[in-house]
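Taking it in order: structure first as C-alpha cells, then the write-up.
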Protein chains: 2
Amino acid sequence: MSSRETGRPYHHGSLPETLVAHAVELLDEAGPEAVVVREVARRAGVSPAAPFRHFADRAALMTAVTEAVAVDFSGIQRAAVESADDLPFRALGTAFVHYALTYPHRFALLRAAVFGATRAPALEAGHRAFTEAVTDLIVAGQRRGDLRAADPRLVRVTAQALVYGLSQMFVDGYLDPTDADTLITETIALFGLGVLPETHPARPT
Amino acid sequence: MSSRETGRPYHHGSLPETLVAHAVELLDEAGPEAVVVREVARRAGVSPAAPFRHFADRAALMTAVTEAVAVDFSGIQRAAVESADDLPFRALGTAFVHYALTYPHRFALLRAAVFGATRAPALEAGHRAFTEAVTDLIVAGQRRGDLRAADPRLVRVTAQALVYGLSQMFVDGYLDPTDADTLITETIALFGLGVLPETHPARPT
DNA sequence: TCCTCGATGTGATCGATGATTACATTCGCT
DNA sequence: AGCGAATGTAATCATCGATCACATCGAGGA
C-alpha cells in the first residue's frame with residue numbers, strides 16, 4: 001500500500017493521453033503559447049518533470065497535440081462530405097471555416113500540420129487520402145458537367161487557397177464571424193461564376 | 001570626455017531604430033521566436049536591459065517590428081499597382097505572393113497586422129487607404145466591363161482570401177515555390193473564369 | 001511467494017529569457 | 001556652470017524548458 005495520502009496512485013496509468021488532453025484544453029483557452037509544459041503537468045496533477053518521461057521535449061508534446069487535433073478535424077471533414085453529397089464542395093468549405101471559427105487556436109497548428117512542408121508521418125496517409133478524395137470529387141463534378149474542365153489539381157489548390165484564406169481572415173478578426181455563413185456562401189458562389197463578366201471573351205486577368 | 005575605452009558613446013543616439021532593424025534581421029533569419037530581446041540588444045551592442053527603455057516589453061518591440069515591415073510591404077504593394085496599371089489585380093496578387101515568398105517570416109506578422117482585429121493605429125490609415133484603393137480599382141474595372149458586376153466588397157474579400165491563402169500555402173511549403181509564377185497566373189485566371197462551366201445556367205455550388 | 005528490473009514519477013537544479021530596480025552617465029536647457 | 005530628464009548598466013528575480021539522481025511501482029521469472 002502506498003504511503004501517499006492522495007487518492008491518485010503514484011503511477012498515473014494514462015499520462016500521455018491526459019497530458020495531450022490538457023494541452024488541447026490550454027490551446028483552446030489561450031493559444032499555442034499558453035501550452036506551457038509546467039501548466040499541463042499541473043493540470044494533470046503530476047510534477048513538472050513528468051511530461052518529459054513521455055515527450056522528448058515541448059515540441060514533441062505539441063506534435064502530439066497537433067496530431068490529436070488533426071484527427072478530430074479530419075473526422076469532421078469526412079463527415080461533412082458524407083452528409084451532404086449533392087453540394088460536397090460547399091459542405092467541405094463551410095465545415096472548414098466553421099472549424100476554424102469554433103477552434104481558432106487550433107487553426108495555426110492545423111495549418112502547419114496540413115499545409116506544412118514537414119507533415120507528421122502519422123498524418124501523411126490521412127492527408128494524402130483526403131487530397132485524393134477531393135480531387136476525385138472534382139473529377140466527378142467535371143464528368144457530370146457541374147464543374148469547368150480545368151486541371152483538377154489547379155481547381156483543388158485554388159479552392160483550398162480560397163477556403164483557407166477566408167478561414168484565416170475570420171480567425172484573425174478581419175471578417176465578422178456573425179456573417180460567416182452568408183459570406184462563405186457568397187464567396188463560393190462568386191468563385192463558381194468567376195469575377196470576369198459572362199459576356200466577356202476569354203481575356204487574361 | 002568619456003572614461004570608456006570603447007569607440008561607441010554611452011548614448012547610442014538612435015537605439016530604437018537600431019533595435020528594430022536588428023529585430024527584423026533576426027526575424028528574417030529564423031522567425032518570430034528568434035527575436036529575443038537579449039540577442040537584439042547584443043547585436044546593437046547594448047546591455048540586455050537597454051531595449052526596455054524604449055519598448056515597454058517584448059510585445060511592444062514586436063509591434064514596432066511589425067509596423068516597420070508593414071510600411072515596407074505597403075510601399076511594394078503601391079509600387080506594384082502603379083507600375084502595371086493594365087492588369088492591376090494580377091500585379092497586386094503577384095506582388096503579395098512574391099513578398100511572402102521572399103520574406104516568409106514576415107508573413108506571419110503581416111497577417112496579424114493587416115488582417116488582425118486589433119490593427120496598430122499607425123497602420124490603420126494606410127490599410128484603410130489601401131482597401132479603398134483596391135475597391136476603387138474593382139469598381140473601375142466593373143464600369144469598364146472588365147469585371148463582373150458583383151458586390152465590390154465581396155469581390156475584394158474573395159480575392160484577398162485567395163491571394164492570402166495561396167501565399168500561406170507557399171510559405172508553409174505546401175506548394176513548390178519554383179512554379180510560383182505559373183501557379184499564381186493560373187489560379188488568378190481560374191478565379192476570373194470561375195469553376196462552373198460557361199454553358200451552365202447559374203447553379204449553386 | 002518473493003525478488004529483481006524496467007518503467008514511471010519526483011525533487012532539485014541548471015541555463016536562458018523577460019522584466020524590474022537602483023544606480024551611473026550623458027545630453028539639453030536655462 | 002549646473003540641474004533635471006533621458007538613456008544606458010549591473011544586479012537581480014520569476015518563469016520556463018530541460019536534465020539528473022533518486023524514489024516508487026508493477027510485471028514477470030526463480
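Only heavy atoms go into these numbers, but all of them, side chains included; no hydrogens, no water, no symmetry mates.
- The environment of B/E124 atom CD is dense: over 12 non-hydrogen atoms of other residues, nucleotides or ligands sit within 6.0 angstrom.
- Comment: B/E82 does not engage B/R78 in a salt bridge, judged by the lack of any side-chain N to carboxylate O separation of less than 4.0 angstrom.
- Near DNA chain D, meaning a heavy atom under 4.0 Å from it, residues 23-41 of chain A has A/V36, A/V37, A/R38 in order of number.
- Taking the six-membered ring where the residue is Trp, B/F107 and B/Y164 present tilted rings, their angle falling between 30° and 60°.
- For the residue pair A/Y103 and A/D72, no side-chain donor N or O sits within less than 3.5 Å of a side-chain acceptor on the partner.
- Taking each heavy atom of B/R106 and B/L27 in turn, the nearest pair found is CG-CD2, 3.9 Å.
- The only member of A/R144, A/R143, A/R148 that meets salt bridge (Lys or Arg N to Asp or Glu O under 4.0 Å) when paired with A/D146 is A/R144.
- The closest donor-acceptor contact from the side chain of B/R58 to the backbone of B/V35 lies under 3.5 Å.
- Summarising the geometry, the separation between CZ on A/R42 and P on D/dG17 is reported as 14 Å, rounded to the nearest angstrom.
- In this structure a side-chain-to-backbone donor-acceptor pair under 3.5 Å is present from A/D151 to A/R153.
- For the contact set between residues 47-63 of chain B and DNA chain D, defined by any heavy atom under 4.0 Å, the members are B/S47, B/A49, B/A50, B/R53, B/H54.
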